[in-house]
Amino acid sequence: MASAPSKLYADDVSLVVVLVDTNPFFWSASSLSFSQFLSHVLAFLNAILTLNQLNQVVVIATGYNSCNYIFDSSSDLNQSFENGRMPVMCSSLLQKLEEFLIKDEQLSKEVPEGRIKSSLLSGSLSMALCYIQRVFRSGALHPHPRILCLQGSPDGPEQYVAIMNAIFSAQRSMVPIDSCYMGAQNSAFLQQASYITGGVHHKPQHLDGLFQYLMTIFATDLHSRSFLHLPKPVGVDFRASKFYYLLNFGGSFILGNFCFILDIAQLPCFIYKQ
Amino acid sequence: MNNGGARRMNGGGEEDDDEDYVNGDLDAWERTYTDERSWESLQEDESGLLRPIDNKALYHSQYRRRLRSLSSTATAARIQKGLIRYLYLVIDLSRAASETDFRPSRIVVIAKHVEAFIREFFDQNPLSQVGLLTIKDGVAQCLTDLGGSPESHIKALMNKLECSGDSSLQNALDLVDGYLNQIPSYGHREVLILYSALSTCDPGDIMETIQKCKKSKIRCSVIGLAAEMFICKHLCQETGGTYSVALDESHFKELILEHAPPPPAIAEFATANLIKMGFPQRAAEGSISICSCHKEAKVGAGYTCPRCKARVCELPTECCICGLTLVSSPHLARSYHHLFPIAPFDEVPPFSLNDPNHKLQRNCFGCQQSLLNPGNKPGLLVVCPKCKGYFCLDCDIYIHESLHNCPGCDSFRHSKADKE
């Protein structure tokens with residue numbers, strides 16, 4: 001077993017797991033093109049790695065049909081140095097991203113019209129949390145992990161339970177989930193995620209200045225956030241304000257809310273809304 | 001007791017100075033060895049060489065046993081679980097609780113783990129309520145009423161840890177029965193008794209009390225710290241609870257945390273009910289209103305009951321004015337994983353590891369850790385029965401105990417089974 005070099009992890013060392021939305025249905029209709037978006041994101045990732053030599057970045061792609069790891073700055077393959085010890089990561093990241101997109105498209109099947117074209121956020125969140133647990137297990141000295149979701153696709157109601165499970169697990173492990181939403185409407189899931197876990201949620205007004213939003217809001221490490229004035233949650237939409245009758249079916253509890261109304265055929269209960 | 005006797009022989013003059021560690025004959029590092037004899041867990045193989053202790057596999061096999069015992073009870077078609085629980089924790093503060101066979105004393109260990117249990121309980125059952133009861137000098141007293149805020153229970157408990165007198169099981173059960181009869185019928189009534197004594201001083205016939213509890217549908221469980229008692233076993237059998245006796249502190253922690261997830265509901269008693277709940281809106285920033293729980297004016301940052309428009313400070317709670325249960329959707333969402341559990345992963349049998357499909361996935365799907373041991377030999381791994389993704393043991397434990405999502409199943413829109 002190779003001995004790890006002794007590192008002194010100060011408070012401001014971060015591990016940022018970035019979940020990049022690659023849903024083609026969203027990007028084909030967005031004002032910002034996917035390649036422009038990638039140039040903003042790559043500059044941002046390089047900046048994070050420059051902020052502190054011990055910072056780590058992991059990129060997971062959230063696709064329409066699948067999710068996968070794209071990049072890990074701490075793996076041996078990415079440690080090539082050039083021009084003053086700046087790691088060269090762009091080419092490997094882009095190559096793996098292209099392979100992922102090709103494979104994701106091959107997995108496509110016929111989709112009935114009218115379905116919401118959401119990406120698989122719950123899958124990439126779960127993978128990110130498993131990776132962060134591995135970092136926690138590696139010992140007492142490790143960077144402070146957080147998750148950043150760069151999402152544009154609308155919320156998929158069928159993922160509600162899985163996303164809530166992931167959010168509560170992140171809350172227990174004290175991993176903040178930041179979210180930058182680039183879509184048209186608001187994302188209730190991401191607002192809730194950032195609110196519950198203590199992260200920052202923002203919906204940029206001008207997408208062509210995305211790099212500036214990323215640098216000023218999402219680049220700071222967790223320790224320094226206490227000194228900064230970051231966007232606060234304003235009226236998180238918990239879908240409150242309505243009455244729901246809950247059916248206590250034989251001692252178990254089945255709730256109908258806006259998400260489950262789609263899956264009502266599977267549940268042996270009825271929901272009455274006043 | 002045998003346990004204390006053995007330690008007396010080991011410690012020499014230490015027995016008199018049990019409470020006074022400063023003046024003990026042994027140094028502190030020596031004292032830890034008198035309690036945990038870690039050399040006893042070493043094993044030798046056939047040739048007499050020491051076998052390395054594989055903690056990870058041990059831990060994982062314990063976890064698998066736990067999972068198997070849980071899933072065996074849930075194999076019935078649809079197991080119903082009580083999600084709105086009203087649990088009374090009965091803590092025995094008789095003189096037996098000050099015994100020092102648990103370091104530093106039984107009551108300190110109990111208090112420490114009760115605090116962890118209460119937090120875990122509210123984490124897994126946000127809609128439920130807990131109350132605390134104590135038995136001291138033969139009398140049962142209510143320490144805190146049924147409530148949904150963990151801090152108030154923990155604070156009340158930590159103040160009152162003096163032990164004296166006898167223990168009385170019947171008085172405790174009578175008191176609990178009186179309190180739990182007042183709660184609505186859709187709630188699940190439970191009692192968890194942490195019993196240190198080996199006897200009980202009862203004013204009447206405890207069998208009658210047990211029958212009364214059974215008729216009131218109260219599920220009584222007991223965790224004993226001394227030895228197994230027939231009356232506790234009988235109580236638990238009659239009411240459908242579980243009885244266990246803790247062997248040491250870590251076993252006690254495991255036993256008490258087993259009561260945090262909702263138990264299967266007693267099928268013949270469960271009835272279908274409609275429960276009215278409200279989802280309050282957050283009050284506007286800067287609005288001034290009189291808070292109904294503290295009876296004073298507060299600015300902003302509260303919730304408004306949708307029925308009577310009273311202001312409450314925190315959720316979940318019951319509106320003081322109109323009695324409506326107020327929750328927010330994340331509170332309910334915390335309980336969803338009890339209703340939609342994920343299937344346990346299957347262990348991968350060694351003979352299938354040479355099959356070509358395995359060679360394609362060298363890393364754990366969740367954390368990307370290498371699944372191969374040094375020397376390219378396959379390590380221990382598990383596979384999800386639905387998506388056929390391979391996971392390492394640590395991810396298996398994390399996924400089933402905390403995350404409740406399979407990353408493989410959630411990362412593929414069209415399941416792999418469709419393609420085969």
Side-chain angles (χ1 to χ4, degrees), chain A residues 1 58 63-69 72 75 107-109 120 122-127 129-135 137 159-169 172-173 192 196 234-236 238-255 257 268-269 272 274, chain B residues 78-84 123 127 186 188 265-267 269-282 284-285 303 306-307 328-330 332-337 339-340 364-369 374 391 394-395 398-399 402-414 418:
Chain A
M1 196 156 61
V58 175
Y64 181 69
N65 292 310
S66 60
C67 302
N68 207 351
Y69 284 89
D72 182 349
S75 76
L107 291 168
S108 271
K109 280 194 176 168
L120 296 172
S122 58
S124 53
L125 261 179
S126 305
M127 289 167 79
L129 286 167
C130 286
Y131 185 88
I132 289 176
Q133 285 302 311
R134 173 184 159 196
V135 169
R137 282 196 300 268
Q159 296 174 37
Y160 178 71
V161 178
I163 289 187
M164 293 310 284
N165 284 339
I167 292 174
F168 294 130
S169 185
R172 278 173 90 165
S173 325
Q192 277 199 46
I196 291 175
V234 174
V236 181
F238 283 132
R239 301 285 159 159
S241 87
K242 286 188 172 51
F243 268 81
Y244 286 92
Y245 284 90
L246 304 170
L247 181 62
N248 184 347
F249 184 84
S252 72
F253 215 76
I254 301 172
L255 162 69
N257 66 9
C269 72
Y272 300 93
Q274 190 180 46
Chain B
R78 217 191 305 271
I79 262 288
Q80 278 120 21
K81 297 196 171 182
L83 288 184
I84 302 189
D123 194 52
L127 304 171
Y186 55 74
H188 284 258
I266 307 170
F269 293 150
T271 51
N273 277 332
L274 285 170
I275 306 163
K276 204 164 179 177
M277 290 201 170
F279 293 82
Q281 284 273 35
R282 206 170 163 82
E285 287 291 323
Y303 299 92
R307 188 155 67 178
S328 71
S329 57
L332 284 165
R334 272 187 206 278
S335 310
Y336 290 162
H337 67 88
L339 295 175
F340 308 110
C364 164
F365 189 84
C367 64
Q368 296 291 294
Q369 191 167 37
F391 293 92
D394 300 304
C395 277
Y398 173 65
I399 286 170
S402 182
L403 184 58
H404 306 291
N405 289 340
C406 169
C409 298
D410 286 340
S411 300
F412 289 99
R413 183 176 291 273
H414 309 290
D418 292 351

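Every value quoted in this text rests on a predicted model; they were computed, and no experiment measured them. So you know, we letter chains A, B, ... as the sequences are listed, proteins then strands, and number each from 1.
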Item to check | Set of residues satisfying side-chain contact (heavy atoms from CB on, under 4.5 Å) with respect to A/Gln159, sequence neighbours excluded | outcome: A/Ser118, A/Leu120, A/Leu121, A/Ser122, A/Ile163

Item to check | Shortest non-hydrogen contact between A/Asn165 and B/His337, atoms and distance | outcome: OD1-CB, 3.8 Å

Checklist entry - Taking only residues two or more places apart in sequence, or in another chain, which ones meet B/Ser335 in a side-chain contact (heavy atoms from CB on, under 4.5 Å)? => result B/Leu83, B/Pro126, B/His338

Next on the checklist: Let me confirm one number: the OG-CG distance from B/Ser411 to A/Asn65, rounded to the nearest 0.5 Å.
Outcome noted: 12.0 Å

Item to check | From CD1 (A/Ile132) to SG (B/Cys367), nearest 0.5 Å | outcome: 12.0 Å

Item to check | Sidechain-backbone polar pair: A/Tyr69 side chain, B/Gly366 backbone, donor-acceptor under 3.5 Å | outcome: yes

Next on the checklist: Could you report the tightest heavy-atom contact between A/Phe168 and B/Pro330, atom names first, then the distance?
Outcome noted: CZ-O, 3.1 Å

Checklist entry - Where do A/Arg137 and B/Asp394 land on the side-chain contact (heavy atoms from CB on, under 4.5 Å) test, with the steps shown first? => result CA-CA 9 Å; A/Arg137 282 196 300 268; B/Asp394 300 304; 3.1 Å; yes

Checklist entry - Given side chains that start at C-beta, do those of A/Ser169 and B/Tyr398 come closer than 4.5 Å, heavy atoms only? => result yes

Checklist entry - In Å and rounded to the nearest 0.5 Å, what is the OG to CD1 distance from A/Ser126 to B/Ile399? => result 8.0 Å

Next on the checklist: Can you tell me which portion of A/Met164 sits under 4.5 Å from chain B's heavy atoms? Options are side chain, backbone, both or neither.
Outcome noted: side chain

Checklist outcome for this item: Minimal heavy-atom distance between A/Cys130 and B/Leu403, with the atoms involved, is SG-CD2, 4.3 Å

